[in-house]
Amino acid sequence: MDYQFKDIEQKWQQFWAQHGTFKAEDKSAKPKYYVLDMFPYPSGAGLHVGHPLGYIASDIFARYKRLKGFNVLHPMGYDSFGLPAEQYAIQTGQHPAITTEANIATYRRQLDQIGFSFDWSREVRTSSPDYYKWTQWIFMQLFNSWYNKDADKAESITKLVEHFEQNGSAGINAVCDEEVLSFTADEWKAMPNSAQQSELLKYRLTYLRESTVNWCPALGTVLANDEVKDGFSERGGYPVEQKKMMQWSMRITAYAERLLQGLDTIDWPEPLKEMQRNWIGKSTGASVKFPIEKTTHHSSLTTHNYIEVFTTRIDTIFGVTFLVIAPEHELVASLTTPEQKADIDAYITATKKKSELDRMADAKTVSGAFTGSYVLNPLNGEKIQIWIADYVLAGYGTGAVMAVPSGDQRDYLFAKHFNLPIVPIIDIQNIETEADPTKEGTYINSDFMNGLDYKAGTAAVIAKLESIGAGKAKVNFRMRDAIFGRQRYWGEPVPVYFKDGLPHLIEESHLPLLLPEVDKYLPTESGEPPLGRAEGWKHPEGEYELSTMPGWAGSSWYWYRYMDAHNDKEFASREAIEYWKDVDLYIGGSEHATGHLLYSRFWNKFLKDIDQVVEEEPFKKLINQGMIQGRSNFVYRLIDEEGRGTNTFVSHGLIKEYKTSPLHVDVNIVENEVLNIEKFKKFRPEFETAEFILESGKYICGVEVEKMSKSKFNVVNPDDIINRYGADTLRMYEMFLGPLEQSKPWNTNGIEGVFKFLRKFWRLFHNDAWEFGVSNAEPSKAELKALHKIIRKVEEDIERFSFNTSVSSFMIAVNELTDLKCNNRTVLQDLVIVLSSYAPHICEELWTLLGNPAGSLSYAPFPKFNSAYLVEDEFAYPISINGKTKMNLNISLSLDIKDIEAFVLANADVQRYLDGKTPKKVIVVKGRIVNMVV
RNA sequence: GCUCAGAUGGUGGAACUGGUAGACACGCAGGACUUAAAAUCCUGUUCCCGUAAACGGAGUGCGGGUUCGAUUCCCGCUCUGAGUACCA
């Protein structure tokens, strides 16, 4: 029979499902291998052809590892809490659970069609109560922990309480809020419970605090920094503003250093590691306190008598000629003198009006205002003006900088603009036209530092500042604590209730705290989150928290749930975690670089600290598959003399001769840029009567690469491809498209080549009448050579994730075997196993036809490569003169270099090329090349 | 601006430690089969000169360098894509 991909694929997909072929074993003598995909959010649009790219690669890898004798865990699930289902619920009243359920069904159908070897018995959904029970449980562990800097790990909050009871706050080195109290053990014990609790909240790894958040009024929720792009929400593109709110936060900053160091221990793409390093943003420097000058010091200033700054160039402290604080800085009001009040107020108003975008676009304009107050340089007592300016950011460091115009270009421009002094501090500094940030040379105008170099100077300043208590060496991180709350419905409820204004965890035995029903998915009239509408939803002791967890909560630990997906006692058993340990290979997009992949590492490190998991890093090796973009096609509508569109369309090659306007056309009615005119006429009713100006009898469409989206008519649905060519063709074609990590536009042109290949492969096992038949004769040398070439190639390619090149090699192997008229059983059977990870359905069918015992080939042993079959006794040496190849010459590989040289020079054709000249030098590289220098 | 990745035929791409540039596939051109089309098969296909073959020349973004030999290594530049940004 001809290659009937539809019957074959359906048959084997059913077989795998019925027999649980891909169930991973929990106990096995085999070595383990964990292959994970980033689980999808099940959107209403279903999968387009770009989504499965990474899944296909990981599936090939998982299937290959099974053939290689590994116990493979290859699961799939859904990140099913999220905004789109809720937006849809707001518009239609449909419960998000229903929408989500329907979308998951579509996803599952589409995924099944592609023939993935997922162990579906371990499926997880983040929105399912038996899953989010454990997300809530992990939240509770974070609430019950604090970060001990001395031990450099998270510890139980009861240990902290014990310390307070015995020693008070002395000797505690914690990552905590800035303003913690100092107390003795007796003072602690004397505190009322509510005071103790509110103090402990300053230490917990998840805590409440008033913070400035990215508030998106259109979505009615706060967003994380990585969900905001250029002042607009990543989802929906709505404007985002800054707002102060009481929020749950996660003390991820406690792990900043470990998150940074850990990057050196994992096999991830360098650009992605670099993005995480930048996000963490470690900078080493010093913090310095500048005392505020008393005479100008405003009366309301009581808690602070200094301004603290962070700098990476403490050595330039004698070059400080003014100080700049952010317009939002808490001391602005009290520092402003009555004479300057009008200026400052005007400046602050102007700053507030500027959006984030303007502020960025406007980076070159210098602006600022003088407060009228002064600080003193702690080292020489010099009086220094305090200014405010929006180039200083409230959110970084202390929101204040010491300005050194001779060494910093922004300070330089500011000084020039406002006529402030610029003092050189290094002998070789050139500050005629711009600042010079050099570290070479020695210091001048710098008191005790004069004559020292950078290294000695920096050390001297830090020592001096420390001795007078005015400053110290400090490491600063750009990363902020992560906000952990959304004012939305469709997320995990936070397992907390409030009593007397303080948060309390619910009983662990009451988990999961179920998401209640509400009448509408909108905020309440009083502006509370939708959960405020839930009737009778109340803890006996107080009010539940009304915000839900953010989207990244459920995805920050899901790979552990797959290890033991149905456990109702623990998030996963100790036994399962000790067996599976971590993810060996993780494949997903780089858009999660600073979100999911950072939060997951944070939670993993925390779970390690509290001894719940065994590995410090969750994902040993990570690969970013490239994005598949859309490839839009255009037709060109002729514009008449009055500038109106006509119903005539001009072929792309001729548009320069006419006045036209481009129009997106459905890529599914275009083949190799040639428009199918019949289908085009049916594309829209008004095209029924369309006319065409053709070139060479064809209508050629224009092409552009854009994002894949419905409105651009460039979405290619995998269902259509599978319907036409089958899943095996789709899988191989997606791999054939190019290197996995590279982004590329989808182009269905060329898929025929892959389909033809599979048919040719099928034909090896069949005669001209399409009857199955293989021979049991001894394989020939040439057949074995072709086979073992592909065995080695596939092993090498898969290990280095070069899937596109192995598809080419399969084509070469099948072409060779076809030329050899090979129908040898042993050769073909081995080839079936080698190809099966790429094209599993056709290979299963042929495996059965070959007469193997009923069942799947998924666990057959991968053929063993034997180099003996590839040994050659001759090689066609390229003979080159001055590096230019002139001819090839067959020479025995047993000859040594001297003999080869003699053999080549004796050859008549070589002599003809040499034209009577004697080569100055002959280079012979055995088995590679002969080069003669003339 | 900074960081990272990349640039190879008409197209997607291959060439793994410096050793025959353009594998494999698409497209295109020509041919076979067919009443015809589709399908299938065969041949050619980097560019230039040449009727064709032989032969000759150029060629991996640009300009240099190292080397017997460079797509590969080094220096400088151009362009494209991604990330990030008054980060003190």
Side-chain angles (χ1 to χ4, degrees), chain A residues 229-230 269-275 277-279 281-283 285 309-314 316 324 326 359-360 362-366 389-393 395-404 407-411 413-414 437 476-478 590-591 593-594 624 626-627 629 631 671-674 703 705 733 736-739 741-754 756-757 759 793 796-797 800 802 804-815 876-888 919-925 927-934:
Chain A
K229 292 253 179 301
D230 301 333
E270 200 47 49
L272 198 140
K273 287 191 190 181
E274 202 54 34
M275 277 162 80
R277 285 190 194 105
N278 289 339
W279 189 264
K282 180 179 180 175
S283 56
V309 303
F310 174 77
T311 175
T312 53
R313 288 297 300 275
I314 189 63
T316 62
V324 189
R359 225 165 131 162
M360 274 193 288
D362 214 22
K364 282 182 195 82
T365 337
V366 177
D390 63 6
Y391 79 86
V392 175
L393 307 175
Y396 183 76
T398 57
V401 303
M402 55 179 230
V404 185
D408 183 286
Q409 185 60 17
R410 288 155 311 174
D411 298 344
L413 292 173
F414 197 85
N476 199 46
F477 291 95
R478 192 184 80 104
S590 60
E591 67 272 22
T594 51
N624 288 132
M627 258 241 294
Q629 297 133 305
R631 195 168 175 286
E671 205 161 331
N672 285 316
E673 320 326 337
V674 178
V703 182
V705 173
Y733 185 60
F736 189 56
L737 226 41
E741 306 202 49
Q742 193 174 302
S743 283
K744 56 227 158 201
W746 175 266
N747 188 348
T748 310
N749 298 349
I751 195 166
E752 296 273 353
V754 172
K756 276 193 246 174
F757 154 75
R759 200 151 171 262
K793 183 77 171 129
E796 284 173 0
D797 284 352
R800 65 191 174 106
S802 176
N804 55 325
T805 50
S806 28
V807 177
S808 300
S809 305
F810 279 124
M811 290 174 172
I812 294 169
V814 167
N815 289 346
Y877 279 87
I879 311 298
S880 58
I881 295 174
N882 293 336
K884 289 270 172 211
T885 307
K886 296 293 177 184
M887 59 182 287
N888 280 12
K920 272 188 256 172
K921 196 173 173 187
V922 180
I923 292 113
V924 178
V925 182
R928 288 251 188 226
I929 200 166
V930 177
N931 189 23
M932 285 171 282
V933 190
V934 182

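We use all heavy atoms of the structure for the numbers below, so side chains are in, but hydrogens, waters and symmetry mates are not. Below, chain A is the first sequence line, B the second, and so on; all start at residue 1.
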N/O to N/O distances under 3.5 Å, protein versus nucleotides 56-61 of chain B:
none

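- Distance A/Lys744 NZ to B/rG6 P: 14 Å, rounded to the nearest Å.
- Note on A/Arg410: a side-chain N or O is less than 4.0 Å away from OP1 or OP2 of B/rC87.
- Nucleotide B/rA5 holds its P atom 8 Å from the CD atom of A/Glu270, rounded to whole Å.
- When rounded to the nearest whole Å, the span between CE of A/Met402 and P of B/rA88 equals 12 Å.
- Using a 4.0 Å heavy-atom cutoff across all strands shown, A/Gln742 reaches sugar-phosphate atoms only and no base atom.
- Separating the P atom of B/rU11 from that of B/rA23 is a span of 14 Å, rounded to the nearest Å.
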Would you give a per-nucleotide map of nucleotides 39-48 of chain B, 5' to 3', where B means the base has a protein non-hydrogen atom under 4.0 Å away, S means only the sugar-phosphate does, and - means neither? -S--------
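- Base orientation of B/rG9: syn, since the glycosidic angle falls within 90° of 0.
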Show your working on side chain to side chain contact (heavy atoms under 4.5 Å, CB included) between A/Val933 and A/Ile923 and close with a plain yes or no. CA-CA 8 Å; A/Val933 190; A/Ile923 292 113; 4.1 Å; yes
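- A/Val930 and A/Tyr877 make their closest contact through CG2-CD2, 3.9 Å (heavy atoms, listed as atom of the first residue, atom of the second, distance).
- A sub-4.0 Å separation between OP1 or OP2 of B/rA88 and a side-chain N or O of A/Tyr391 is absent.
- Panel note: side chain A/Arg478, backbone A/Tyr396; no donor-acceptor pair is recorded below 3.5 Å.
- Mapped onto RNA chain B by nearest heavy atom, A/Val754 and A/Asn747 fall at different nucleotides, with A/Asn747 at the one closer to the 5' end.
- Nucleotides B/rC16 and B/rC28 have their C1' atoms positioned 32 Å apart, rounded to a whole Å.
- For the residue pair A/Asn476 / A/Ser283, no side-chain donor-acceptor distance below 3.5 Å is found, with atom types taken as modelled.
- Here the CG-CZ distance, from A/Asn815 to A/Phe810, works out to 13.5 Å after rounding to the nearest 0.5 Å.
- For the atom pair OG (A/Ser806) and CZ (A/Arg800), the distance works out to 8.5 Å, reported to the nearest 0.5 Å.
- Between A/Val324 and A/Tyr391, the shortest heavy-atom distance links the atoms CG2-OH, 3.6 Å.
- Separating the NZ atom in A/Lys793 from the CD atom in A/Glu796 is a distance of 7.0 Å, to the nearest 0.5 Å.
- In terms of heavy atoms, A/Ala389 sits closest to A/Phe414 at CB-CE1, 3.6 Å.
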Could you run down the sub-3.5 Å N/O contacts of the protein with nucleotides 65-72 of chain B?
residue	atom	partner	partner atom	Å
B/rC68	O2'	A/Asn931	ND2	3.2
B/rC68	O2	A/Asn931	ND2	2.7

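- In this structure, A/Arg631 and A/Trp746 approach most closely via the heavy-atom pair CB-O, 3.2 Å.
- Formation of a donor-acceptor pair under 3.5 Å by the A/Lys744 side chain with backbone atoms of A/Pro739 is found in this model.
- Counting only heavy atoms from C-beta on, A/Phe736 has its side chain closest to B/rC24 among B/rU20, B/rC86, B/rC24.
- In the set B/rG13, B/rA88, B/rU20, the nucleotide with an atom closest to the side chain of A/Pro739 is B/rG13.
- Rounding to the nearest 0.5 Å gives a distance of 6.0 Å between CD1 of A/Ile879 and CE of A/Met932.
- Taking atom P in both B/rU35 and B/rU45, one finds a spacing of 32 Å when rounded to whole Å.
- With B/rA88, B/rG13, B/rG12 as the choices, the nucleotide that has an atom nearest any side-chain atom of A/Thr312 turns out to be B/rA88.
- For A/Phe757, there are no ring-ring contact (aromatic ring centres under 6.0 Å, His included) partners two or more places apart in sequence or in a different chain.
- Remark: P of B/rA88 and CG of A/Leu413 are 17 Å apart, rounded to the nearest angstrom.
- Residue A/Asn888 is classed as a base contact, given a heavy-atom separation below 4.0 Å to a base.
- Side-chain atoms of A/Asn815 lie closest to B/rC24 of the nucleotides B/rC87, B/rG19, B/rC24.
- Distances from the side chain of A/Arg478 to the nucleotides B/rC87, B/rC24, B/rA88 place B/rC87 closest.
- Base pairing in RNA chain B yields stems of at least 3 consecutive Watson-Crick or G-U pairs, both distances under 3.5 Å, namely B:1-7 with B:78-84, B:10-12 with B:24-26, B:27-32 with B:40-45, B:46-48 with B:56-58, B:61-65 with B:73-77.
- Rounded to the nearest 0.5 angstrom, A/Tyr733 OH and A/Thr748 OG1 are separated by 6.5 Å.
- Rounded to a whole Å, the NZ atom of A/Lys273 is 13 Å from the P atom of B/rA5.
- Per the geometry, CD belonging to A/Gln629 stands 12 Å off P belonging to B/rG12, to the nearest Å.
- Look at the C1' atom in both B/rA5 and B/rG63: the space between them is 23 Å, to the nearest Å.
- One P atom belongs to B/rC4, the other to B/rU60, and the distance between them is 26 Å to the nearest Å.
- Proximity of a side-chain donor or acceptor of A/Arg313 to a complementary backbone N or O of A/Pro437 within less than 3.5 Å is detected.
- For the atom pair CD (A/Glu591) and CG (A/Leu272), the distance works out to 10.0 Å, reported to the nearest 0.5 Å.
- Here the shortest heavy-atom pairing between A/Val404 and A/Asp411 reads N-OD2, 2.9 Å.
- Rounded to whole Å, the C1' atom of B/rU3 lies 32 Å from the corresponding atom of B/rA21.
- Distance noted for atom P between B/rA70 and B/rG1: 34 Å (whole Å).
- Nucleotides B/rG69 and B/rG19 are separated by 14 Å at their P atoms, to the nearest Å.
- Contact detail for A/Leu393 and A/Ala326: the closest heavy-atom pair is C-CB, 4.0 Å.
- The residue among A/Arg800 and A/Gly753 whose nearest nucleotide of RNA chain B lies closer to the 5′ end is A/Arg800.
- A straight line from CZ of A/Phe310 to P of B/rA88 spans 7 Å, rounded to a whole angstrom.
- Residues of residues 804-812 of chain A having a heavy atom closer than 4.0 Å to RNA chain B, listed by number: A/Asn804, A/Thr805, A/Ser808, A/Met811, A/Ile812.
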Begin from the C-alpha positions of A/Arg277 and A/Glu274 and carry the test salt bridge (Lys or Arg N to Asp or Glu O under 4.0 Å) through to its verdict. CA-CA 5 Å; A/Arg277 285 190 194 105; A/Glu274 202 54 34; 3.0 Å; yes
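- Per the geometry, CG belonging to A/Asp411 stands 10 Å off P belonging to B/rC87, to the nearest Å.
- At a threshold of 4.0 angstrom between heavy atoms, the contacts of A/Lys793 include nucleobase atoms, whether or not backbone atoms are also involved.
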